[in-house]
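One-based numbering, in listed order, for ligands and for the atoms of each. When reading the values below, keep in mind they use all heavy atoms of this one structure, side chains included, and skip hydrogens, waters and symmetry mates.
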Amino acid sequence: MEIRAGVTVILGLLCLLKMVESRSISAAYTNTVDVEYTGMGTCRKHSAALTEFGGVGDGKTSNTKAFKAAIDHLSQYASDGGALLLVPPGKWLTGSFNLTSHFTLFLHKDAVVLASQDESEWPHVEVLPSYGRGRDAPGGRFSSLIFGTNLTDVVITGNNGTIDGQGSTWWDKFRQDKLNATRPYMIEIMYSNQIQISNLTLINSPSWFVHPVYSSDIIIQWLTILAPIDSPNTDGIDPDSCSNTLIEDCFIVSGDDCIAVKSGWDGYGIRFGMPTKQLAIRRLNCISPDSATIALGSEMSGGIQDVRAEDINALNTQSGVRIKTAVGRGGYVKDIFARNMEFKTMKYVFWMTGSYGSHPDPQFDPKALPLIQNINYQDVKAENVTYSARLDGIEGDTFKGICISNADITLTEKPKELQWNCTNVEGVTSNVNPKACDLLPEKEEKFDCPFPEDKLPIDDVQLKTCSSIVQY
Ligand SMILES: *[C@@H]1O[C@H](CO)[C@@H](O)[C@H](O)[C@H]1NC(C)=O
Ligand SMILES: *[C@@H]1O[C@H](CO)[C@@H](O)[C@H](O)[C@H]1NC(C)=O
Ligand SMILES: *[C@@H]1O[C@H](CO)[C@@H](O)[C@H](O)[C@H]1NC(C)=O
Ligand SMILES: *[C@@H]1O[C@H](CO)[C@@H](O)[C@H](O)[C@H]1NC(C)=O
Ligand SMILES: *[C@@H]1O[C@H](CO)[C@@H](O)[C@H](O)[C@H]1NC(C)=O
Ligand SMILES: *[C@@H]1O[C@H](CO)[C@@H](O)[C@H](O)[C@H]1NC(C)=O
Ligand SMILES: *[C@@H]1O[C@H](CO)[C@@H](O)[C@H](O)[C@H]1NC(C)=O
């Protein structure tokens, strides 16, 4: 009896051991990766892979819960050195998820995050206070795929891993007017500071791609952003009521503006009163046949000030640095500087529009006139151009202090006769060919339009090399 019992116990133990062993084998990490990146915040003390939280990278299983579980778990380290979440190689289908502070989301080069096309995977969130309602729909808005609010020190990066918004179903629903809320953006970070978004390929967003709003101290670099050139509202990067922002080395192909600088809409934006200021944009490459390389507006009611754009290249794009505004917008666009721009195949090199339609409410304030002032363009080369300029100010609200120097424009085979069409604008030009309109007289003595020599605070931020060993 005793021996038998002993054997049974031993057999039982062996069984248990075997179970434990096989469990640990099935859960064993077969891969280890040394994740290295240059980060804006502090390097992270903790790390984990999405697979530790039940993530399945088969392109079919929903990972919405896995992302939530992972980030909820890692948020406990926010005050203990921060954490990094690795998205390993694979195709990770997910709905909207929320970020946390002192956090890095890192996409392996062979990781593809696929946005779910199931509306129930996308919670509705409050409309933006500076917009008054969802931008295209009266019924509020969907949360973005990757959303963060009231955060500090967040990095979204990778070795050029991909986020695929799978936007086509959203575009179709939008065109067929089947949505009662505004389409989700790909990445939206709100009321936050110290944000870095870098080294990723972003494709086919349902709507705008990258939307930092009411935030500051932002670096966006080395992004490849791609959407079909006829896709609706697929703006590349939209800094919106943000300060101290750097956007550099991005390549953007879009159905809308490559970069659109914003600050709220009509009365809502005026009341909210939060400008976009201290924005540097460098080494941008853009393709957007129906929109601007860089748009300022049309939602600019909280003001746009101190934008510095340089080394800008665009191919087959409707316009360069365009101002869009309207009566009712209020606010201002002032102290804008752009230099060293090269354009090939463009409809309007210089375009300012004072009668941009679209209002959140029909009862906008007709006395809310925008102030457009001190707009400077230096060193512009453009080939195969249809119109050199169309500059439409607002009657009784002249766009003032426009300066254009050293612009060399070559026209298409059949150029329009009126190359410079100017109304309600005032300024000067130097060394501009073809010659500008009478409202922008050429100065006899050649000069360069100004460009600030000082640095923005964001230029002084030192990026650190961070590395973590992560198993998955
Ligand atoms: C993310 O946070 C927002 C605001 O707190 C909330 O409304 C939304 O439901 C959250 N999204 C998810 C997926 O939990
Ligand atoms: C986020 O910050 C804004 C602005 O400071 C504040 O109004 C809001 O209540 C904060 N939200 C949360 C969830 O803390
Ligand atoms: C990000 O891109 C830059 C430029 O290509 C490169 O030097 C850097 O190594 C990249 N970082 C990562 C983490 O891949
Ligand atoms: C990142 O991937 C995109 C898309 O495949 C590619 O066009 C781009 O050149 C890549 N960038 C880098 C730095 O490797
Ligand atoms: C959205 O619109 C659909 C179809 O028009 C309707 O059935 C549904 O109830 C609406 N949902 C909300 C939240 O308004
Ligand atoms: C010049 O621009 C026109 C559009 O105005 C376009 O059809 C044509 O292909 C362009 N030519 C070249 C050489 O890029
Ligand atoms: C010039 O611009 C005005 C608007 O300010 C427009 O009405 C007019 O048609 C334009 N003229 C030409 C020839 O394009």
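Note: an N/O pair closer than 3.5 Å links Thr201 and ligand 4 by distance alone. In terms of polar-atom proximity, defined here as any N/O pair under 3.5 Å, Asn199 does make such a contact with ligand 3.
For the residue pair Ser143 and Ser96, a side-chain donor N or O sits within less than 3.5 Å of a side-chain acceptor on the partner. For the residue pair Thr398 and Glu426, no side-chain donor N or O sits within less than 3.5 Å of a side-chain acceptor on the partner. Tyr37 and Ser198 form no side-chain donor-acceptor contact under 3.5 Å, judged by distance and modelled atom types alone. A donor-acceptor pair shorter than 3.5 Å cannot be found between the side chains of Asn340 and Glu310.
Here Phe142 and Trp170 bring their ring centres to under 6.0 angstrom of each other.
Listed by chain and number, the residues in a side chain to side chain donor-acceptor pair (under 3.5 Å) with Thr325 amount to none (sequence neighbours excluded). The side-chain contact (heavy atoms from CB on, under 4.5 Å) test applied to Asn31 returns Tyr472, not counting sequence neighbours. Not counting sequence neighbours, the partners of His211 by the ring-ring contact (aromatic ring centres under 6.0 Å, His included) test are Tyr185, Trp208.
Heavy-atom proximity to Glu36, at under 4.0 Å, picks out these atoms of ligand 3: 13 (C).
At a heavy-atom distance under 4.0 Å, atoms from both the backbone and the side chain of Asn159 approach ligand 3.
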**Request:** Test side-chain hydrogen bond (donor to acceptor under 3.5 Å, both in side chains) on Gln305 and Asp335 and set out the steps.
**Result:** CA-CA 6 Å; Gln305 182 171 23; Asp335 308 331; 2.8 Å; yes
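Between Lys109 and ligand 3 there is no heavy-atom distance shorter than 4.0 Å. Using a 4.0 Å cutoff on heavy atoms, Gly158 counts as a contact of ligand 3.
The residues lining ligand 7, counting any heavy atom closer than 4.0 Å, are Arg390, Asp392, Leu418, Asn421, Thr423.
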